[in-house]
Novice: 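This is the structure I want to talk about, given as structure tokens.
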Protein chains: 2
Amino acid sequence: MYSQAEENYLKTIYNLESRQGSEVSTNLIASKANTKASSVTDMLKKLAAKNLVQYKKYQGVHLTELGRKSALKVIRKHRLWESFLVQKLNFKWDEVHDIAEQLEHVKSEVLIEKLDAFLKYPKLDPHGDPIPDAHGRTILNKTVVISAMKIGSAGVFVGVRDSSSEFLQYLNKKNLALGDRIKVIDIEPFDGSFHIETRTHRLVITKSVAENLCLKNVK
Amino acid sequence: MYSQAEENYLKTIYNLESRQGSEVSTNLIASKANTKASSVTDMLKKLAAKNLVQYKKYQGVHLTELGRKSALKVIRKHRLWESFLVQKLNFKWDEVHDIAEQLEHVKSEVLIEKLDAFLKYPKLDPHGDPIPDAHGRTILNKTVVISAMKIGSAGVFVGVRDSSSEFLQYLNKKNLALGDRIKVIDIEPFDGSFHIETRTHRLVITKSVAENLCLKNVK
DNA sequence: CGAAAAATTTAGATATAACTAAAAATATAT
DNA sequence: ATATATTTTTAGTTATATCTAAATTTTTCG
Ligand SMILES: [Mn+2]
Ligand SMILES: [Mn+2]
Ligand SMILES: [Mn+2]
Ligand SMILES: [Mn+2]
């Protein structure tokens, strides 16, 4: 079907497009993909030729329906493999992303359907991200990032926006785990850092950390 | 570590070398790898530069100790993944080879050790092939191919030399499965075909099929 | 042995997916 | 609005892994 490079671009464009609405720029893709703008341009032309993106020179891209569906298939595979690694092989949530980056490119429809069944059709991956079903549908997971919360409000920590092992290891060290109830105690006006509280402890997190923690049932 | 192409060549050379003793020729590798002799020559130079094979122009290659160990690692991964696919995901033995060809190239030492533990350290894969342990050691699996047997001798069918889905589907159709007791009833002098008998039925197999069925405890 | 056949290597080309440096288009700011 | 800065594209290069066709070496055989 598509090459690994193509699949990785589809995923990157999909993620940028969801968290952004509008057209995605060449430079933005390049920085997320750790590559150069000129490489991105080359690939965008190739993806456009395959009807995966709509591309107008200098105007950025957005995914076509085919591109969106293809991206969701890759994301489905990535998240199912991450679930497998944590649930069945006893990996920790901060250890699975890089391995799933490789496993997601294995080509076999029946493999992924059998894996899904083996895992009993999980709805969320180990990072709280929704797993698309075979048709690309996900449950809606209405969450609020801490950085958007007001002093005194609280919710349940159910997801992260950054699944890098560095960030997850930081959360481990700070004793923050999915399922924790978190309350915003104070917001520092000077640097935008957040004073938060869990059932067991209080701590201060920077604004950029606060932007990557997703809470549910915020009141 | 090594590229997919390099790993595939190592596996091919390892298999040819085991079933052959002596140096492996360029053309033989080319035919097994479904590629051209000139491509093989290019790759042999690269493998030699990485100290994976000993290569003398026009004289064929054999694996170095590093090459042998590296090949066994790939074979270990291939057979563990095949075992996973059959034992955990309910694939049939004729459906797993091509998927394992992809999975075997996933890079992660810890992944394969955890997979091995999850499967409870299997010693044989679904085709009766021994699975090397983390140090490259395998149980000895002393078998005889039917084509080497005499009329009247019998044994237990424990392995195949060809794991292609075409061959395995042929065996399914002929109702031959691992564990069956097989007896040689007659050998046709004209074309070398074998008349064999299981507990449940008799059939005739060609010489080339007989060369790919491995039996244990032959008497 | 020496010629013909077979096997192997070399030379040159192609495709993919990167890169750097330069050119072109777009955005911004005075 | 025009000059400057930023973004994006183009042109040309590199590395990997293939291929075909031609040259070279080895093997086989009369
Ligand atoms: Mn991930
Ligand atoms: Mn994830
Ligand atoms: Mn196999
Ligand atoms: Mn096998």
Side-chain angles (χ1 to χ4, degrees), chain A residues 1-14 16-17 20-63 67 70-71 74 98 101-102 104-107, chain B residues 1-13 16-17 20-63 67 70-71 74 101-102 104-107:
Chain A
M1 204 63 175
Y2 305 117
S3 72
Q4 295 198 189
E6 288 166 344
E7 288 190 341
N8 286 332
Y9 273 92
L10 288 175
K11 240 185 355 169
T12 302
I13 297 168
Y14 179 89
L16 291 172
E17 208 172 314
Q20 230 220 3
S22 58
E23 248 82 20
V24 183
S25 77
T26 302
N27 263 356
L28 191 57
I29 297 169
S31 75
K32 283 283 169 191
N34 283 311
T35 186
K36 299 296 151 96
S38 56
S39 305
V40 174
T41 300
D42 283 350
M43 182 57 85
L44 293 184
K45 288 179 186 169
K46 193 149 44 127
L47 296 177
K50 295 188 177 185
N51 192 32
L52 292 163
V53 299
Q54 216 171 308
Y55 169 62
K56 266 165 88 180
K57 265 192 191 179
Y58 295 100
Q59 308 302 306
V61 276
H62 70 94
L63 293 174
S70 306
V74 184
D98 291 349
E101 284 292 310
Q102 299 179 67
E104 74 190 7
H105 301 296
V106 171
K107 261 81 184 165
Chain B
M1 203 65 174
Y2 304 117
S3 72
Q4 295 198 189
E6 288 167 343
E7 289 189 341
N8 285 333
Y9 274 92
L10 288 175
K11 240 186 353 171
T12 302
I13 297 168
L16 291 172
E17 208 172 313
Q20 229 219 3
S22 58
E23 249 81 20
V24 183
S25 76
T26 301
N27 263 355
L28 192 56
I29 297 169
S31 75
K32 282 285 169 190
N34 283 312
T35 185
K36 298 298 152 93
S38 57
S39 305
V40 174
T41 299
D42 283 349
M43 182 57 86
L44 293 184
K45 288 180 187 169
K46 193 149 44 127
L47 296 178
K50 296 188 177 186
N51 192 32
L52 291 164
V53 300
Q54 217 173 306
Y55 168 63
K56 267 166 88 179
K57 264 192 193 180
Y58 295 101
Q59 308 302 305
V61 276
H62 70 92
L63 293 173
S70 305
V74 184
E101 284 292 311
Q102 301 179 68
E104 73 189 8
H105 300 296
V106 172
K107 261 80 183 166

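Residue numbers begin at 1 in each chain, while the letters A, B, ... track the order of the sequences.
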Novice: How long is the line joining CG of B:L28 and C1' of C:dT8, in whole Å?
Specialist: 14 Å
Novice: Return the set of residues passing side-chain hydrogen bond (donor to acceptor under 3.5 Å, both in side chains) with A:Q102 (not counting sequence neighbours), or none when no residue passes.
Specialist: none
Novice: Scan nucleotides 18-26 of chain C nucleotide by nucleotide, 5' to 3', and note B when protein non-hydrogen atoms come under 4.0 Å of the base, S if they reach only the sugar-phosphate, - if neither.
Specialist: SBBB--BSS
Novice: For B:M1 and D:dT16, give me the distance from atom CE to atom C1', rounded to whole Å.
Specialist: 18 Å
Novice: Check side-chain hydrogen bond (donor to acceptor under 3.5 Å, both in side chains) between B:H105 and all other residues, then give those that pass, not counting sequence neighbours.
Specialist: B:E7, B:N8
Novice: Does a nitrogen or oxygen in the side chain of A:Y55 sit under 4.0 Å from OP1 or OP2 of D:dT9?
Specialist: yes
Novice: Under the rule for side-chain hydrogen bond (donor to acceptor under 3.5 Å, both in side chains), what residues qualify as partners of B:E17, not counting sequence neighbours?
Specialist: none
Novice: For B:K56 and C:dT9, what is the distance between atoms NZ and P respectively, to the nearest whole Å?
Specialist: 13 Å
Novice: Kindly determine whether B:V24 and B:V53 satisfy side chain to side chain contact (heavy atoms under 4.5 Å, CB included), including the steps that lead there.
Specialist: CA-CA 11 Å; B:V24 183; B:V53 300; over 6 Å; no
Novice: Figure out the CG/P separation between A:N27 and D:dA5, and round it to whole Å.
Specialist: 17 Å
Novice: What pairs of residues pass the side-chain hydrogen bond (donor to acceptor under 3.5 Å, both in side chains) test when at least one of them lies in residues 47-59 of chain B, not counting sequence neighbours?
Specialist: B:E6-B:K50
Novice: Is there any side-chain hydrogen bond (donor to acceptor under 3.5 Å, both in side chains) pair reaching into residues 29-42 of chain B, and which pairs are they, with sequence neighbours excluded?
Specialist: none
Novice: Can you tell me how far C1' of C:dT16 sits from CG of A:L47, to the nearest Å?
Specialist: 13 Å
Novice: Rounded to the Å, how far apart are A:H105 NE2 and C:dT16 C1'?
Specialist: 15 Å
